[in-house]
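Counting convention: from 1, in listed order, for ligands and their atoms alike.
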Amino acid sequence: MGVEKNTKKLYDNQANDWSRNEPILLSDYSARPFVINLCEPIEGKNVLDMGCGEGYVGRQILKRGAKHVDGIDISDNMIANAIQIQLNENIENASYQAMDISDFKVEQQEEYDLIIAMFLFNYLSIEETQATMEKAIRLLKPGGYFIFSVPHPLLAYLKKDKYPFYFEVNGGYFSGRNNLFPGEIWRRDGVPVNVQCVHKTVQDYFMCLKNANFKTIPEVYELHITKEHIKIDEKFFGPLEDLPLHMAFKIQKL
Ligand SMILES: C[S@@+](CC[C@H](N)C(=O)[O-])C[C@H]1O[C@@H](n2cnc3c(N)ncnc32)[C@H](O)[C@@H]1O
């Protein structure tokens with residue numbers, strides 16, 4: 001398949017650059033606020049955060065009234081940072097586990113009202129993505145939602161300059177499926193962090209959901225830089241204006 005599995009090392013090495021409680025990464029502006037809004041109503045929900053990182057999104061979900069957030073991440077250092085922040089802030093209703101999502105066993109079915117996966121699937125092959133979605137549907141209560149974001153599959157092909165976000169193509173739009181595209185995303189303070197994308201087409205995401213047995217039509221959003229972003233910081237957001245940056249999917253389990 002040609003995918004070099006170094007995700008754990010990638011995130012263990014740069015875990016401290018990801019620790020934050022305020023927006024700093026480009027995607028903290030261009031994706032996460034939108035996707036967190038998609039999670040509403042959050043009040044009282046039991047949430048699973050797949051690929052939780054150091055817990056930034058889960059903490060925001062808790063601030064909006066979630067009952068409990070369970071986080072799973074492959075990186076020991078990201079999880080250590082999540083636990084440290086949890087201790088510093090006396091957060092009681094979160095638990096974190098360092099584990100590859102592919103090794104996660106579904107023991108209790110229909111446990112969660114909401115499952116999120118923010119920029120996890122760009123680290124998984126098509127086969128692993130489908131297997132993870134199969135776990136998500138089993139773990140969701142009927143009526144619950146699965147919400148995830150991924151890099152827009154076209155971005156790598158449309159954006160040639162690096163700053164402030166890019167992926168380097170490794171194969172064509174179709175022939176490059178399951179190939180690893182290295183990339184970087186910048187923080188507003190000028191620090192770039194390394195990211196990767198196991199390339200999938202738009203169709204791949206839909207087929208994974210269908211094959212995982214989701215029966216409803218997902219809401220799909222193509223996230224991009226808005227006039228509001230440009231007003232905040234034209235130098236930072238300007239190079240990305242009019243480009244498709246991320247996709248967000250929201251789908252219900254019947
Ligand atoms: C781009 S970061 C996003 C972190 C977090 N979801 C957020 O939005 O701030 C991707 C995260 O996915 C985790 N990850 C990648 N592959 C994984 C896997 N197979 N199992 C669990 N976590 C994984 C990485 O360690 C990293 O923390």
Identity of the nearest option to atom 6 (N) of ligand 1, non-hydrogen atoms only, from S75, A31, S102, G51: G51

Selected option - heavy-atom contact closest to atom 18 (C) of ligand 1, from D49, D100, D76: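 The residue whose heavy atom sits nearest atom 18 (C) of ligand 1 is D100.
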
W186 and F236 aromatic centres sub-6.0 Å: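 No: the rings miss the under 6.0 Å criterion.
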
Side-chain donor or acceptor of S27 paired with backbone N/O of S30 under 3.5 Å: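 Pair absent, no side-chain N/O of S27 close to backbone of S30.
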
Side-chain donor or acceptor of K63 paired with backbone N/O of G58 under 3.5 Å: no

Mutual orientation of the aromatic rings belonging to F146 and F148 [parallel < 30°, tilted 30-60°, perpendicular > 60°]: tilted

Contact atoms of ligand 1, heavy-atom distance to [X] under 4.0 Å:
X	answer
R20	9 (O)
M99	20 (N), 21 (C)
F119	1 (C), 10 (C)

Report the part of [X] (side chain from C-beta onward, or backbone N, CA, C, O) that has a heavy atom under 4.0 Å from ligand 1; answer both or neither where that applies.
X	value
T7	side chain
R32	side chain
M118	both
L10	neither

Residue-ligand contact W18/ligand 1, heavy atom below 4.0 Å: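 W18 counts as a contact of ligand 1 under the 4.0 Å cut-off.
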
Transitive ILVMFWY side-chain link L120 to M78, under 4.5 Å: yes

Charged tip of K250 within 45° of Y145 ring normal and under 6.0 Å: yes

